[in-house]
Amino acid sequence: MHKNLPNFFVFLDQYNNKIFQNNSTDIGIIYRNYNSSKREIELNKIAIACKRKRYKLFISNDMRLGIKFKADGIYVPAFNKTKRFSNLERKNLIVLGSAHNQREIKEKIFQNCKAIFLSPAFNVKKAKKFLGIHKFNSLSCLNNIKIFALGGIGQENIKKLKLFNNIEGFGGIGIFKKKPAYKRPVF
């Protein structure tokens with residue numbers, strides 16, 4: 001199994017054909033729909049498209065679906081505090097996590113995550129606080145793990161990502177849905 005992680009991650013809750021119009025193979029898809037009754041149908045469409053485009057597929061919070069759909073890994077959200085994701089190397093699944101502060105970063109390292117999405121990097125409507133450049137850089141330098149930026153990344157601030165230290169790339173939701181894949185900015 002190829003263990004390199006992509007630099008760009010798209011968070012999806014349903015199939016979106018605009019996402020799969022990009023010709024780059026340096027994209028990871030994180031499927032994170034927890035409550036849909038059509039979850040497996042949507043995931044099947046996404047898995048087929050990822051295989052065809054050679055995108056890495058990660059499934060949020062569900063090892064069973066990760067194994068069933070032959071995903072490249074599992075995504076562990078910040079609210080998941082369990083330790084049940086610590087032995088997935090034997091199943092050839094990469095574990096990714098998300099965190100908002102130093103305590104959550106340590107939890108994700110303990111859960112054996114290979115990379116962490118640190119969020120929110122910029123201002124988002126649903127959060128009262130965001131990290132900003134200085135706090136983000138401080139947290140990313142304190143920990144010896146791959147860090148990805150997440151949260152609030154849009155056309156107006158994507159160039160500011162170059163000011164972040166030690167990041168491997170970024171993940172997003174809205175930025176990837178607005179413009180066709182071939183017109184998006186390159187990191």
Side-chain angles (χ1 to χ4, degrees), residues 1-2 5-100 104 107-108 111-121 124-127 148-155 169-184:
M1 176 180 231
H2 201 276
L5 290 175
N7 290 327
F8 311 106
F9 285 88
V10 181
F11 287 77
L12 292 178
D13 55 357
Q14 63 185 17
Y15 179 80
N16 183 345
N17 65 348
K18 289 181 183 178
I19 301 298
F20 296 100
Q21 292 174 357
N22 196 324
N23 290 329
S24 172
T25 57
D26 193 24
I27 296 176
I29 303 293
I30 297 177
Y31 179 72
R32 61 173 198 162
N33 189 337
Y34 305 116
N35 301 320
S36 175
S37 60
K38 299 179 181 179
R39 186 173 187 201
E40 290 196 23
I41 295 168
E42 287 291 323
L43 186 53
N44 189 40
K45 284 189 216 175
I46 292 169
I48 291 169
C50 283
K51 188 172 186 160
R52 186 176 62 244
K53 297 296 280 186
R54 289 187 282 189
Y55 293 172
K56 300 256 187 217
L57 175 63
F58 297 86
I59 299 172
S60 182
N61 234 9
D62 197 331
M63 281 189 299
R64 181 188 62 79
L65 285 178
I67 293 167
K68 179 177 179 179
F69 286 97
K70 297 180 181 165
D72 294 289
I74 302 296
Y75 167 75
V76 183
F79 63 81
N80 187 331
K81 311 289 188 210
T82 64
K83 299 172 195 157
R84 63 187 171 125
F85 298 102
S86 60
N87 62 351
L88 290 178
E89 296 89 26
R90 288 181 265 160
K91 298 189 186 324
N92 284 332
L93 293 174
I94 301 168
V95 182
L96 303 177
S98 66
H100 304 95
E104 290 179 357
E107 285 177 358
K108 296 306 164 195
Q111 287 175 328
N112 210 19
C113 292
K114 300 297 179 215
I116 295 174
F117 289 92
L118 196 52
S119 73
V124 291
K125 292 177 185 173
K126 67 178 185 177
F148 290 86
L150 178 65
I153 300 168
Q155 293 298 111
F170 68 93
I173 300 168
I175 189 170
F176 291 104
K177 291 181 181 178
K178 290 180 182 172
K179 285 190 173 183
Y182 55 88
K183 292 184 179 178
R184 274 188 232 116

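In this structure, the ring of Tyr75 has its center less than 6.0 angstrom from the ring center of Phe11.
Applying the salt bridge (Lys or Arg N to Asp or Glu O under 4.0 Å) test to Lys70 and every residue at least two apart in sequence or in another chain returns nothing. Every residue two or more places apart in sequence or in another chain was checked for a salt bridge (Lys or Arg N to Asp or Glu O under 4.0 Å) with Lys53, and none qualifies. Under the rule for a ring-ring contact (aromatic ring centres under 6.0 Å, His included), the partners of Phe148 that lie at least two apart in sequence or sit in another chain are Phe9, Phe117. Residues passing the ring-ring contact (aromatic ring centres under 6.0 Å, His included) test with Phe69, sequence neighbours excluded: none. Glu40 is linked by a salt bridge (Lys or Arg N to Asp or Glu O under 4.0 Å) to Arg64, Lys68, counting only residues two or more places apart in sequence or in another chain. In this view, Arg52 satisfies the salt bridge (Lys or Arg N to Asp or Glu O under 4.0 Å) rule with no residue, not counting sequence neighbours.
Proximity of Asp72 to Leu93: side-chain heavy atoms (C-beta onward) are nowhere separated by under 4.5 Å. Looking at heavy atoms from C-beta onward, Leu150 lies out of side-chain contact with Pro120 at the 4.5 angstrom threshold. Between Lys108 and Lys81, every side-chain heavy-atom pair lies at or beyond the 4.5 Å cut-off. Residues Tyr55 and Ile46 fail the side-chain proximity criterion, which asks for heavy atoms closer than 4.5 Å. Taking 4.5 Å as the limit, every side-chain heavy atom of Cys50 sits out of range of all side-chain heavy atoms of Lys56. Taking 4.5 Å as the limit, every side-chain heavy atom of Val10 sits out of range of all side-chain heavy atoms of Ile30. Within the 4.5 Å cutoff, the side chain of Arg39 has heavy atoms near those of the Tyr31 side chain. A heavy-atom distance below 4.5 Å is not found between the side chains of Asn7 and Phe170.
When all heavy atoms of Ala78 and Glu104 are compared, the pair lying nearest together is CB-OE1, 3.6 Å. Leu5 and Asp26 get closest at one heavy-atom pair: O-OD1, 4.3 Å.
Heavy-atom neighbours of Lys38 NZ from other residues, nucleotides or ligands within 6.0 Å: at or below the threshold of 12.
The closest donor-acceptor contact from the side chain of Gln111 to the backbone of Asn80 lies under 3.5 Å. Formation of a donor-acceptor pair under 3.5 Å by the Asn33 side chain with backbone atoms of Asp13 is found in this model. Looking only at distances, no side-chain donor or acceptor of Glu42 sits under 3.5 Å from a matching main-chain atom of Gln14. No side-chain donor-acceptor contact under 3.5 Å links Thr25 to the backbone of Arg54.
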Side chain to side chain contact (heavy atoms under 4.5 Å, CB included) between Ile19 and Ile29: does it pass, once the steps are laid out? CA-CA 9 Å; Ile19 301 298; Ile29 303 293; 3.7 Å; yes
What verdict does the side chain to side chain contact (heavy atoms under 4.5 Å, CB included) test give for Leu96 and Cys113, after you've listed the backbone C-alpha separation in whole Å, the side-chain angles of each residue and the deciding distance to 0.1 Å? CA-CA 5 Å; Leu96 303 177; Cys113 292; 6.0 Å; no
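Atom CG in Asn112 sits 12.0 Å away from atom CD1 in Ile94 (nearest 0.5 Å). Atoms CG and CG, on Asn44 and Leu65 in that order, are 11.0 Å from each other to the nearest 0.5 Å. The structure places NZ of Lys45 at 11.0 Å from CZ of Phe20, a figure rounded to the nearest 0.5 Å. Distance check, rounded to the nearest 0.5 Å: CD1 of Ile59 to CD1 of Ile74 gives 6.0 Å.
In summary, the side chains of Gln21 and Lys18 do not present any donor paired with an acceptor at a separation below 3.5 Å, with no hydrogens or angles considered. Using a 3.5 Å distance cut-off with no hydrogens or angles, the side chains of Ser60 and Tyr34 do pair a donor with an acceptor.
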